[in-house]
Student: 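Below is a structure I'd like to ask you about.
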2 protein chains.
Amino acid sequence: MSSDLTARARIRDAAIKLFAERGIDGATIRDIAQEADVSSGLLRHHFGSKEGLRDACDEYALNELTKLSGQFSEFNTLDGLTPRVQQLQRYLIRSTMDGSPTGAAMFDRMLVFGNEWLATTNLKIADPEAFVAVLAVMKMSLFTMRDLMSRALGSDVTEPATWARMLQASLDLFSQPLITEEQAAQARAALDRLAAGEE
Amino acid sequence: MSSDLTARARIRDAAIKLFAERGIDGATIRDIAQEADVSSGLLRHHFGSKEGLRDACDEYALNELTKLSGQFSEFNTLDGLTPRVQQLQRYLIRSTMDGSPTGAAMFDRMLVFGNEWLATTNLKIADPEAFVAVLAVMKMSLFTMRDLMSRALGSDVTEPATWARMLQASLDLFSQPLITEEQAAQARAALDRLAAGEE
DNA sequence: TAGCGTACTACACGCTTGTGTAGTCGCAAG
DNA sequence: CTTGCGACTACACAAGCGTGTAGTACGCTA
């Protein structure tokens, strides 16, 4: 399919694919090399080590994402959400969860964007820091839980139609209150008890 | 701390802890044995294999959770959310993401509970299946993204106070609409275009 | 006391992992 | 032609993995 690319680029793409699918530790150098149709030595020749390869993937994914979809992870930029962008996001989030500093930086940026977005609304949030963090984490979960999501929906969420279905549902979720104010107040009270009463 | 337990129980607890922290593949048998202060052979003697240990942990975690907090993962059962329950949930979700059938069964149960809850409300959802799935996944994300969450909030979410802070924020999120109906309609249209127009 | 099963340990095996090393091929410069 | 350099491969190495095996210590029953 993309065998007209440089070997270096093929390795990078294969690594992003397998890292995203199996995690950083789960994808071996030999697997990646085979996926890219090169020897494992060449991988080492180009990227120095597995860590080096991962760093290169992090940087590439972050650059591509910012180039392709601007400040990604916002709902208004849904139109550019091609499978490729999905894969890059999925890789970067996976890398983040496995302790990548680049990924952590991305997360921080998501928090900044979230705060900016919050300022444009007239929502009154008691704890904006926590609010934005929860929101960011929940958005990311749509990528990390891809397998479970596909299972629940009965078809692969990588397909645009299924993906759209999932996003429609998240719109339902964010455009109306799910619990009443009384229920919320009740839960809040229970939480206060929890936070104060227990050691 | 809990060295008065059976060796078998100590191994199980150590496995749940390390599996939750590092993932199934990331936690080695030797690490778990050392954490439980036994030899790695004893682990094999009691559980047969790493897979057997994992199965035992799955079953134990699921039983404990249903025993401790009823149908967990609902907002009204927040009071029983001790650090121990948190850890069990975190383990089970991690095991689920790494392909455990027990975990998948738990996820299915969450979907059933979600549908039942949805029936008690008077929400009109176009695609209940997707809606409930998204909701379930987002709830689970609060456990899977623990590290990022702690990072964003500046203190470990395992602490009850920080955990409560996070849940307060999620109450804010679910008790009011975050986007207006116009914004939602606009996004919906964009999604329809995406689902239909692209191959 | 003898016998036996269970909890438990020490140690070795084979495999896979990331990494290191030596060497081949092709091409551009002198 | 040959020299050099980067792309690329084949192969060996040490370490860590899950697993298998042999053996010890202890408590129960006859």
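We name chains A, B, ... by the order of the sequence lines, and we start the count at 1 in each one.
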Student: Taking OP1 and OP2 of dC8(D), is either one under 4.0 Å from a side-chain nitrogen or oxygen of H46(A)?
Tutor: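 Result: yes.
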Student: Quick one: closest heavy-atom pair of V157(B) and W163(B), and the distance?
Tutor: O-CB, 3.2 Å
Student: Write out all pairs satisfying salt bridge (Lys or Arg N to Asp or Glu O under 4.0 Å) with one or both partners inside residues 117-131 of chain B, taking only residues at least two apart or from two chains.
Tutor: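 Pairs touching residues 117-131 of chain B that pass the test: R165(A)-D127(B), R165(A)-E129(B).
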Student: Quick one: I32(B) CD1 to dC8(C) P, roughly how many Å, whole number?
Tutor: 17 Å
Student: Which residues pass the side-chain hydrogen bond (donor to acceptor under 3.5 Å, both in side chains) test with R146(B), not counting sequence neighbours?
Tutor: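 Listed in chain order: T158(B).
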Student: Please write out the pairs of protein N or O atoms and N or O atoms of nucleotides 12-18 of chain C separated by less than 3.5 Å, giving the distance to one decimal.
Tutor:
| residue | atom | partner | partner atom | Å |
| --- | --- | --- | --- | --- |
| dG18(C) | OP1 | K50(A) | NZ | 2.7 |
| dG18(C) | OP2 | I29(A) | N | 3.0 |
| dG18(C) | N7 | R30(A) | NH1 | 2.9 |
| dG18(C) | O6 | R30(A) | NH2 | 3.0 |

Student: Nearest whole angstrom, please: distance from the C1' of dC8(D) to the CZ of R10(A).
Tutor: 11 Å
Student: Between the protein and nucleotides 22-26 of chain C, which nitrogen or oxygen pairs are less than 3.5 angstrom apart?
Tutor:
none

Student: Would you give me the side-chain donor-acceptor pairs under 3.5 Å for residues 181-188 of chain B, sequence neighbours excluded?
Tutor:
| residue | atom | partner | partner atom | Å |
| --- | --- | --- | --- | --- |
| Q183(B) | OE1 | T180(B) | N | 2.9 |
| Q183(B) | OE1 | T180(B) | OG1 | 3.4 |
| R188(B) | NH1 | D172(A) | OD1 | 2.9 |

Student: Could you pull out all residues at least two apart from R54(B) that satisfy side-chain hydrogen bond (donor to acceptor under 3.5 Å, both in side chains)?
Tutor: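 side-chain hydrogen bond (donor to acceptor under 3.5 Å, both in side chains) list for R54(B), sorted by chain: S95(B).
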Student: Only counting residues at least two apart or in another chain, list the ones meeting salt bridge (Lys or Arg N to Asp or Glu O under 4.0 Å) with D98(B).
Tutor: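 Salt bridge (Lys or Arg N to Asp or Glu O under 4.0 Å) check on D98(B) returns nothing, list empty.
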Student: Residues in side-chain contact (heavy atoms from CB on, under 4.5 Å) with A20(A), at least two apart?
Tutor: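 Residues passing side-chain contact (heavy atoms from CB on, under 4.5 Å) with A20(A): R90(A), Y91(A).
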Student: Restricting to side-chain hydrogen bond (donor to acceptor under 3.5 Å, both in side chains), what partner residues turn up for Q87(B), sequence neighbours left out?
Tutor: none
Student: Please tabulate the protein-to-nucleotide N/O contacts below 3.5 Å involving nucleotides 9-11 of chain C, giving atom names and distances.
Tutor:
| residue | atom | partner | partner atom | Å |
| --- | --- | --- | --- | --- |
| dT9(C) | OP2 | S39(B) | N | 2.9 |
| dT9(C) | OP2 | S39(B) | OG | 2.8 |

Student: Scan residues 147-164 of chain B for pairs that pass salt bridge (Lys or Arg N to Asp or Glu O under 4.0 Å), counting only residues two or more places apart or in two chains.
Tutor: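 For residues 147-164 of chain B, and leaving out neighbouring residues, the salt bridge (Lys or Arg N to Asp or Glu O under 4.0 Å) pairs sorted by first residue read D108(A)-R151(B).
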Student: Tell me the side-chain hydrogen bond (donor to acceptor under 3.5 Å, both in side chains) pairs involving residues 33-43 of chain A, sequence neighbours left out?
Tutor: K17(A)-E35(A)
